[in-house]
Structures are given as C-alpha cells and as structure tokens.
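What follows is a short report on a single structure.
Letters go in sequence order (proteins before strands), and every chain restarts at 1.
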Amino acid sequence: MLLLGLAFLGLFWWYPLIKTFLLGFKLAGLGHPDEPWIGLENYKELFTTPVFGRVILNTLYLAVVIVPAQIVLGLAVSAVLNRTRLDIVQRVGILSFYTPYILPIVAIGILWKFLYHPSRFGIFNFFLSKLGIGVLRWLEDPKLALTSVAIMRIWQRAGYVILIYLAGLQSIPKIFYEAADIDGATGWQKFRKITLPLLSSTTLFVVVTTTISAFMTFESIYVMTLTAQGGRGGPANATNVMLFYVFNNAFENNRMGYASAAATILFLMILGVTLLQFRYIRQRFEY
Amino acid sequence: MNVKKISAGEVLLFTFFLILLILYIFPLYWMFSSSFKTAREITRIPPTWRPMDFSVEGYIKVWEPIFARFFLNSIIYAGGSVLVALFTSSLIGFVIIIYPSKLGTVLSWSAICLIMIPFTILIIPLYLLLVRLHLLNSYLGMIAPRIVYPFGIFFMQLAVRNIPRDLVDAAKIDGCRPLGIYWRITVPLLKTSIATLATLEFVWRWNELLWPLIVASTERLFPITVGLASLVDPYFIEMDQYLAACVMVVTPIIVMFLFLQRFFVKGIAITGMK
Amino acid sequence: MKKTGLLLIVMLLIASLMAMAGAQQEGSKAPGEKVSLLAWWTVRKPIMEFSKEEVKKFETEHPNIQVELMGMPEDALQQKLIGATKANIGPDVVYIDENIVKVMYNAGVLQSIPADVYTEAEILKMYGPKAKMSKIDGKYYGFPNGDMAAVLYYNIDFLRSNGFSPNDIPDTWREFIPLAQKMTDLANDIQGFPIRGREASMWNALLFQNEGFLFRNEKEAMFAGKAGEESFQFLLDIYKKYKVSSRTSLSANEAFGQGKAPFIYNWTWFIGTLETNFSDINFSTRVLPTPDGTPPFGSYGPSYGLFVSSTEAKKQPAAWEFWKFVTSPDFQLGWSMLRGLIPARLEAHKPEIFGKSPYRALAEAVANGVSYSFYPDAVGNLILGTMVDEIMEGAPIRDTMQRIQDEVDAYLAKHSDDCWIYGKEWYDKNK
C-alpha cells in the first residue's frame, strides 16, 4: 500500500515536478518526441521578450492589489461578524460572503463581464453615470483591465479570508479583552494592541495563500478577456499573467519547453513566498 | 440579557456592514434577475431592477441536450476524484500512523513537501505523460493525477493521530486484520473529517477549469466549467443565454452549500490551520 | 531490493493503465464489419443541425458506415487535434480553420487525397483553377468550403424610419460618414456606425482598400506604411472626430442585433447569427464603401475546410467516402449558406441563390477583393490584437506599427512554415 502510494506520488507529482525543470532546457512539444536539449535558450528568450516582462509585472500587480484588499476586507468583516450577538446575522453574513467563493470562477467571470459592460446598462457604469463620474471601459481599457479582474477576484475570494479570520478571532481568549476593559482601553486600542498581534500567524497564512492564489490567476483571464481578434490576455497584453502565458505557449502554440521554463519561474515565485513564510515563523519562534 | 447601550459608532458600523452585505450579494441577484429578462430588456437603459417582461427565452435558447452530459461529466470527474483521493489518503494516513515504518516516514515527508506546490504548475509534463499513456480524452486520464493527494495524506495523518490508540490496540489484540481495523474502527471515527475534506474537494474539482480543459478533447467529456467557457463567444452578444447558463451551473452548488454549510465552514477552519 | 520493487510496481502501474486505455478504445469500435467514424465538427448550431440531418442520409446510403459528429470549439482545436492524433484518439474527418491548416499539415495530421478518390483533373473540374491555391508541397489535402468577405450590413427598417432608402447608401466613406452621423444619437444609445469589437478586422479591410498589403512575401510583412497609417487614422476618427460610434456603448454586433444601429461592418458569417438570434431585424448587405468608390472592397479569403485525418488504414476508405459526401455540391451549398460563403465547389455556386440578397454583396466583394493570408494565432494576436489595441488606445501609430512589423518578421523568420501567405509579390504575379 505504502509502496503503491509512493509510486503514484512519484508518477503524478515528483516526476512532473522534476520534468518541468528539465523541459525548461529542452525543445519540447507534441511532434518533438526526442526533446532535444537546447541549454538556456528558453530562458534567454523569456528574458528578452518584452511581453514576458509585462507578464511578470502583471502577475505581481495582481498580488499587490488583491492581497492587502482581501486582508482589510477580511479583518473588517470578520471583526464585525465576531462582535455581533445575533446568531442570525453571523449565519447570514457567512452565507452571503462565502457563497461567491464556492462558485465556479467560469460562471462568476461571465457574470462580471456582464456587470463590467462598457455601455450604461452595465450596472457599474450605470451607477457611475448616476453619480456623475462618467463611464469606464472596465475590461477594455488597458490601464484598467487588470484592476477590473483584481476587483472581481477580491469579491470572489474574500469569503475565504473572512472565514479564516473568524476562526482566528474566535480562538482569542476573552480574558485579554476583559483585562483591557478594566484598563479602560478603547475599541480601536484593543484591536491594535490585542487582536492584530494575536492574529499575526493567521495573517501570515492569509498573505501566503492569497499571494499564491493571485499568482495562479487563470480562469478569470480565460473567461473575461476573450475578444474576437486579440484572443485572450488583452487588451494589448494588459491581462496576460504567468499561468495564462504558460497555458497559451504550451497548449495553443505547442511550445512546451518554453512554457515549462516560464512555469519554472512561476514555481520559483511561489516557492519564494512559501519560504518567506517559514523564515518568518522561525524568527518569531526564536525571540 | 445584555442591556449595555449600543453606541452611535456601533450603529454606524452595522449600517455600513449591512450596506456592504447588500452590495456583496447584489451581483448574484443581478445574475438571477437578468437571466429572466429578454435580450432586449437586458440592454435597456436605465436597467430594470427586476424582470419586467419575465421570460425564460434565454434558458430555452441555451439549453442543449449536451448540457446534461456536461453535468454528468462534472459529477464523474469531481465525484471520482474525491472518492479515489479520500480512499487513498485515509488508507495511507492510517498505515503511516498505525504501522510506523521507514517507508511511511518517507511517504509522509514526501507528501508534506508537495503540499505547497499547486497542481496546475505540473500540467505540462502531466499532459505529455497522458499522451504517452494514451489516456488523453478519458475520464481515467482526468482523474489519474488525483489518485494520490498530498494534502489529503497530510490531513488524514493528523486525523488518524487523534484516534484513541487504545481502540486500535484492542482491535489488534482481538486479531483484527489491518484492513479490518481500517474499515471498522478508523473510518467510522474519521467520518466528520472525511466528509469535510470530501465536501471541499468536491467543490474544488467541480469548479476546476484548466486541467479538464486540457485533458478533455471533445465535448463528450467536457465538464460543466469547460462547457460553459466554450459557450461564450468573443463577441459576447448573447448575454441572456450566458446568464441563464450561469444560473443553471451555479444553482446546484448553492443548494449543496445550503445543505452542507456545516462542512464547508468547518473545512475552511481546518484547512486554515494547515 | 526496495528499489527494484518500486520500479516493478511503477511498471506494473503503467502497464495496467495502458491496458485500461486500450480496453477503452477497443470498446468504442462497433462490432462486425461496420466502420464507425468520428468527425470533429464546428460548434455553430445551425451548421451542426444541418449536418446531423445530412449524416442520416449518408448513413442510409452507406449502411456499413456510422458517423458521429462531435462539436469542437474553434479556439480549442489547435491544441486538441495534435494531441489527440498523437494519442490515436483523433477524429477521422475534421473541420479545420484556415489559420491552422499549415500547422496541422506540418504536424502530419492531414491525409493527402489519393488518386483513387479524385485525380487532379477531376479536382480542377470540381473547383476550377483556384484549387491550385490549396496545394501544399505538390499534394492536395482538402479544399475551402467557400470564400468569405466583409460587407456592409444595413437595417432596412431603420433607414426607412429615418427617411432614407437602401439606394441612398453612398459608395465612398467621405459621403457615408455624414449619413451615419445623421442617424446617430449617442445620448439614446443609437450609433450611426458602431465599430467597437470590429476595429481590427476593419483595419485589415481598410488596409487593402488603401492599396496596402499585410505581407510582401512569406518572409516579410509590409503593413507598416502609409496605407496602414491612413486606415488607423480613419478608425480613430470614427470615434473622436465623426462620433458615429462610442466606446462605451453597445458593441457593433450587439447594436445591430438590437436594432440600435443602421449600419455595421462585418464578415458574412454574421448573416447566420442574425437569422437565428435576431430574426426580427430586417437587414440586407452591400459592398463596403471605399475611399474613392471603386474596388478593391477589402480582402476576401477561402474558409477552410474539411480534411481526412484518420490514422487507421482500415478506416481510411470509409473516411474518404464520408469526405466525398461532405464535399459534394449539395452539402457544400447548405454549409455555405449557413456560414455566409460563396461555395468553392463550382456546381454549388447557384446564381439563383448567390446572385440575390444577402449573398450578392458577398459575391461582389469576393470578385473584387484581394486574397487573404493565413497565419497562426501567434501572428494574428500580434497584428490584430496587440497592435490594434495599442493604437486605438492612443499609442503613436507609425512607431507601433513598425515595432509590431519587426516582431512579425522575427516570427516569420522562424516559423514561416506554419503560415500560408499570399503576399503582394504573389498577388502581382497571379492577379
């Protein structure tokens, strides 16, 4: 049993992982069964293609926008949910905030493409024009498109963060707050001095998982940015992110070696974030 | 009953919270209500807050017999993956903890190392592997990489560790065989853990796009996510139909969520601890 | 010891998986003499429904052949087809988009037409001299179903209610724009000539109208020039100067389908969409206006195509039998009407159908157009995606065009095999 488990783990996890590294140095694809070695060619091309620079920046941008927004939203909402004395509010709150998270991004993406419609029946533009701000070309303006995707992701995933924070909050012993009450601390002081520090490991976890999930953005790009002539990832590569770039090169252009090199870089980015987490944890334990 | 006065700040906070809540569920409301509008009403300016000319035209136009197949495929893919993954995870977790061995430790560490690696990173070699094994465009090919599930193994180890050892030892003395112990003692005790993991896994697999998109070559094997994605054309003009399709896809999950809420919430709390 | 054991298990595992896969394939074969064919088809609903009906006829004529039509989204085809063929689960007959015919040929997916199916003399009789354009490295693999081109769609009722008739539509852009302006009311979401979502395609048509070309030859692009620049300026003017289209309103196709625009530019496949989805729109088509009212009206191109891709020698005769059926004049006629094509099969080119609205304009556009080139999405996304997006957003026209042209040239230097280019040099020689 163990051997079998190990074999499967090897075949479907370790082998592909190692193979991804190796393919990065090869010319691979369907129709190249011999997979000749080409050294650093793929990496050289990656770092000289202007589009790839854009892709990395886009990916980082998504993380930079999504992570703080989710943490603020998650903390705020979970704090309110935790304080409420009415069970029904908590349940309805959890239900409505959590629902988007469990729905397929494919469906959510189609819905948001509709909400983002550049015309005034697009509901966001309708509100904006009512407020006198004027209309936006959410997914069609290259300066705005990625942010639009990020907003959708924040909305979609916040429920997860809220639940994790809620679990974290509920594990804080009441006694801390009672002590603070005696000292006459205000609500904000209590939040800053007690809640935040005690939630720091939860926050770290949220930062890491949210960053990774932002790095792995794919479905929303695939569904929301399809246009007739530009394909996906547009306009003008404004929403071309790592995983989409990997997918596009591997499975649309049949450049599996090149795509594997890109996948390796994505893997290193994720590994970096994960290691950062471990390092931080160790530091905290040390002092 | 607490009769402490509610401060103005608190009222403000809750009002704000309520507004946020309404804003939050608005997109979903908009999807349901727009799906019952005619194509013409959807593009009306200003928008109508509820369907004025109630119509199910979008549903009728978009429905094709192949949709039933898409749902079936999703059930096979998500269900199959979950069943297999949970069986192997719990069995491996059980063996590692109850019958400690060097191999078990290796396996355990090997799984832990893999937890942080997103599956999607590995799709290129996996795809090439499936081509070579002639498993492309088959259920087996779709499910195969899910046969073992590193996080499941890790999670089940934790769960098995919490089982009182006395029970297991007593069974051993009674001459119960390992599989017997697994089936009669471990599984019943792990019911909640298994159900929790199963619920989450199922929804993740149900919602997954990339892997089935690559493995399924033809419509006959598309799960609902791939089917839905391929429905949308680049001009995005048949919005009534798309929204109707979205509602059809989303409704079963929402219903499932309402019934199994307990497991969902608990699952997040547990995976959050990992 | 442990290591060999592990190896053994892995091997066993692979063997069992392969056996299972093999068993699955075995199961899909029909028993006895009957041959079952798998055809990857277009997902377009009307064509699919038409084809299913026709296949029933074919099956009664050939009781020993069974055909399954399977819808394949076009954007997924490229990736799926090579993989499936390599894994021996590919289709026997396949519908392939023109952009990737060469890619599929290079990947060895396509089967050439054997002499016992059709000889070259027969082919030339069936398709005319144009058939030679389908030759790849001296062999025939398949043919376009027909030619397609872009035309101007107009809403007859819309024109009438504004006091105009279809005869009032001018032949030059200079006169056309004021007419569109008269019918524009952006405050009420009415656009005289919406182009959103069609900019790239229209730039391409304008380029040829302005006597420009996308490519010089197989190795060189040549769109960065005066013609390309003028075409972009015109598109930008439509939004900014003439204001007959808005970027924050309905897209071209939506607006026309909803009856909120008198005119749009589109290819002729849209005829089918209008008839199935927006049947209440009373529309017709005519050739596009041009800068001076004379041809060329833009580019036209063959729309490919049905091919045999069967890897099993046993199935190939049946596959060719079915291929003959779907390239027969009757089938091609039905397909062409639904897809908005002038049929390539000469016998299917019925004047009583294609001489009349809404196809007449197409015939005229094809007869007076410049033939189109085909290239994989990698190039298409550069030219019609990135370049058009950037320039429409205000990037400097000349520099952006030059930059993209250099990138295209770099791609062609490596992958010109995957492209099927009829450049200016070819056109001048063969016109």
Please identify each residue that fulfils salt bridge (Lys or Arg N to Asp or Glu O under 4.0 Å) with C:Arg339, with sequence neighbours left out. none

Greatest number of non-hydrogen atom pairs under 4.5 angstrom with chain C, of B:Asp233, B:Ile214, B:Leu128, B:Leu231, falls to B:Ile214

Interface residues of residues 74-95 of chain B facing chain C - heavy atom cut-off under 4.5 Å: none

Heavy-atom neighbours of B:Lys172 NZ exceed 12 at 6.0 Å: yes

Tell me, side chain or backbone of C:Asp189 under 4.5 Å from chain B's heavy atoms, or both, or neither? side chain

Near B:Trp109 CH2, under 6.0 Å, is it more than 12 heavy atoms from other residues, nucleotides or ligands? no

C:Tyr95 meets the ring-ring contact (aromatic ring centres under 6.0 Å, His included) criterion, sequence neighbours left out, with C:Trp335

Given B:Tyr235, which of C:Trp267, C:Trp269, C:Phe270 fulfils the ring-ring contact (aromatic ring centres under 6.0 Å, His included) condition? C:Trp269

Per-residue contact mode, B:Phe236 against chain C (heavy atom under 4.5 angstrom): backbone

Any chance you could measure B:Leu136, atom CG, to C:Lys80, atom NZ, to the nearest 0.5 Å? 8.0 Å

Of the listed residues (C:Leu77, C:Thr273, C:Asn253), which shares the most heavy-atom pairs with chain B below a 4.5 Å separation? C:Asn253

Got a second to check how far B:Glu238's CD is from C:Glu254's CD, nearest 0.5 Å? 10.0 Å

Which answer fits C:Asn266, side chain, backbone, both or neither, if we ask what part of it has an atom under 4.5 Å from a heavy atom of chain B? neither

Residue pair C:Asp280, B:Arg40: steps toward the side chain to side chain contact (heavy atoms under 4.5 Å, CB included) verdict: CA-CA 12 Å; C:Asp280 52 339; B:Arg40 214 141 274 198; 3.3 Å; yes

Among residues 56-66 of chain B, which ones touch chain C with a heavy-atom distance under 4.5 Å? B:Lys61, B:Glu64

Give a yes or no on whether the backbone of B:Arg132 and the side-chain of C:Lys86 come within a donor-acceptor separation of less than 3.5 Å. no

Rounded to the nearest 0.5 Å, what's the gap from CG on C:Leu250 to CD1 on B:Ile45? Could you check? 6.5 Å

Distance in Å, C:Asn88 CG paired with B:Asn137 CG, rounded so as to fall on 0.5 Å steps: 13.0 Å

